[in-house]
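Written below as structure tokens is the structure these notes are about.
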There are 2 protein chains.
Amino acid sequence: MTDQSTAQIDTPGGNTRTAVLEKALELFAETGFNGVSMRRIAQEVGINPATLYHHFTHKEDLYEQVLRFAYAEQAAQFSALVSTEGTPRSQLGEFIREFTRYIAKDQHFFRLVKREQLEGNSERLKMLVDLLFGQQYGAMVRSVGRVTQAFDAHMLVTSLLGLVLHHYETRHMRQFFSEYAPSQDDPDVVADHCCRLFFFGIQGEAGAGQVPEPSTHAMPTP
Amino acid sequence: MTDQSTAQIDTPGGNTRTAVLEKALELFAETGFNGVSMRRIAQEVGINPATLYHHFTHKEDLYEQVLRFAYAEQAAQFSALVSTEGTPRSQLGEFIREFTRYIAKDQHFFRLVKREQLEGNSERLKMLVDLLFGQQYGAMVRSVGRVTQAFDAHMLVTSLLGLVLHHYETRHMRQFFSEYAPSQDDPDVVADHCCRLFFFGIQGEAGAGQVPEPSTHAMPTP
DNA sequence: GTCTATAAACCGATAGAC
DNA sequence: GTCTATCGGTTTATAGAC
């Protein structure tokens, strides 16, 4: 509710507020809103629990500020992902590779988003769309629209994100399958797999085993 | 820990135990383990909180029994999904359509599984694989392996599931995008979209706009 | 801004009557 | 098998000194 706290997001210097936000982001992503107590957050930051209530009116306010903080922290990187150069198709291929590396590296933000989608709180989901995903999503929809008009561009973006994300989301579970191999978690392997599937499908007629613009890294030859 | 409770899963008749399990499944899926209290569960079932501790040793025991109950409840339906008839490719297409309808209908089970994947508890994820997904996943891996050998079959199954599931998981969020249209939530529309993408990719060279074995329902012509 | 101290509510879990 | 009553601990949140 306090608009002053929103304006302080980019306050430089490691003050208490940003220290709390960073640690709280980590903890909320780990065990969810109800899985972390204000005591625990204060303890891990190294301050008194009462101090939290000087910076944030209550727990839900802290959580909302954490969401805004996390979004702002990632927005720039997202923009960098979408605005690549080259042909529309090579842009898309490059995005898939960069996005895969990105979600393989960053842990907290996407787990937080997944929890929000599970919870289904309309108010917060709308904030999420307005603050960050709305613009990026629109850019992606236009991007895939430039490559093909044979699909609903909106559904195609949903499919593309699900294609990549599910490899990361099932990471902990897949190791228990007998068909598991560690290479299946390699970001470059996942990216190449998703590129091939997204562009050509399992038929792989036109140039099977070839990804448009293999870019810098080596390609596995299946 | 008590093996007697495990054996009682299939006890016929609407007794208290199954009533608790069904309601607890709903509540745990909704707000997670820490988001529901034993008091709340008892209240919604219409019994005294103390009664819960006659049927379950403690809260974590109740949660584990809910997982086993949910798994057993879904196992039969899962088996029916995979064992269709026809050519390997038409089997796969039929699976995508049936799976899409299935997850569009069932709410609680997949939210519970998603929460487990987020939490990353190795012990429980292993139980999930051993009790349910292990067999079904293996069957799917063999199924896609019969259709194509140009991909890692394990990764292909992960991709296929992510492709379908993400449309459902982002359902609440997508309505806030300006590109949203209600038809994008229609199970048959989603299934046809995923079929086309999975088989042919966005290139759609071989038979674009055509899905193998359109089966019973009408096909949209884009 | 940060602390000590504490209020008020809720939590998981138990004892024991019926 | 279900209930009443309650214990001990934890939770969010506040009041007020420094």
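In what follows, chains are A, B, ... by sequence order, proteins preceding strands, each numbered from 1.
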According to a strict under-4.0 Å criterion, is Tyr53(A) in side-chain N/O contact with OP1 or OP2 of dT14(D)? no

May I ask you to verify if any side-chain N or O of Thr51(B) is less than 4.0 angstrom from the OP1 or OP2 atom of dG1(D)? no

On the nucleotide dT14(D), are OP1 or OP2 found under 4.0 Å from the side-chain N or O atoms that His54(A) carries? no

Which listed nucleotide (dT11(D), dC3(D), dA5(C)) is nearest to the side chain of Ala50(B)? dC3(D)

No-hydrogen, no-angle side-chain donor-acceptor test under 3.5 Å, His167(A) and Ser159(B): yes

Looking just at side-chain N and O atoms, do His55(A) and Thr16(A) make a donor-acceptor pair shorter than 3.5 Å? no

Please check the phosphate of dC10(C) (OP1 and OP2 only) for any side-chain N or O of Ser37(B) closer than 4.0 Å. no

In whole angstroms, how far is the P atom of dA13(C) from the NE2 atom of His58(B)? 7 Å

Residue pair Gln184(A) / Asp152(B), side-chain donor-acceptor N/O under 3.5 Å: yes

Expressed in angstrom and rounded to an integer, what is the separation of Lys59(B) atom NZ from dG12(C) atom P? 4 Å

Report yes or no: do Thr18(B) and Asn15(B) form a side-chain donor-acceptor pair below 3.5 Å? yes

Using five pairs at either end of the helix from dG1(C)-dC18(D) to dC18(C)-dG1(D), determine the angle between the two local helix axes and round it to 10 degrees. 0°

Figure out the CZ/P separation between Arg40(A) and dT12(D), and round it to whole Å. 12 Å

Round to the nearest Å and state the distance from Gln43(A) atom CD to dT12(D) atom P. 13 Å

Nearest-Å distance for atom pair CG/C1', residues Asn34(B) and dT10(D): 13 Å

Roughly how many Å is it from OH in Tyr63(B) to C1' in dG12(C), rounded to a whole number? 18 Å

Between Tyr168(A) and Thr158(B): side-chain donor-acceptor atoms closer than 3.5 Å: no

Side-chain donor-acceptor pair under 3.5 Å between Asp61(B) and Tyr53(B), yes or no? no

Check the distance between dA17(C)'s P and Asn48(B)'s CG and give it to me in whole angstrom. 16 Å

Atom CD1 of Ile96(B) and atom CZ of Phe198(B): how far apart are they, to the nearest 0.5 Å? 6.0 Å

May I ask you to verify if any side-chain N or O of Thr16(B) is less than 4.0 angstrom from the OP1 or OP2 atom of dG1(D)? no

Give the rounded distance in Å between these two atoms: CD1 of Ile41(A) and P of dT10(D). 17 Å

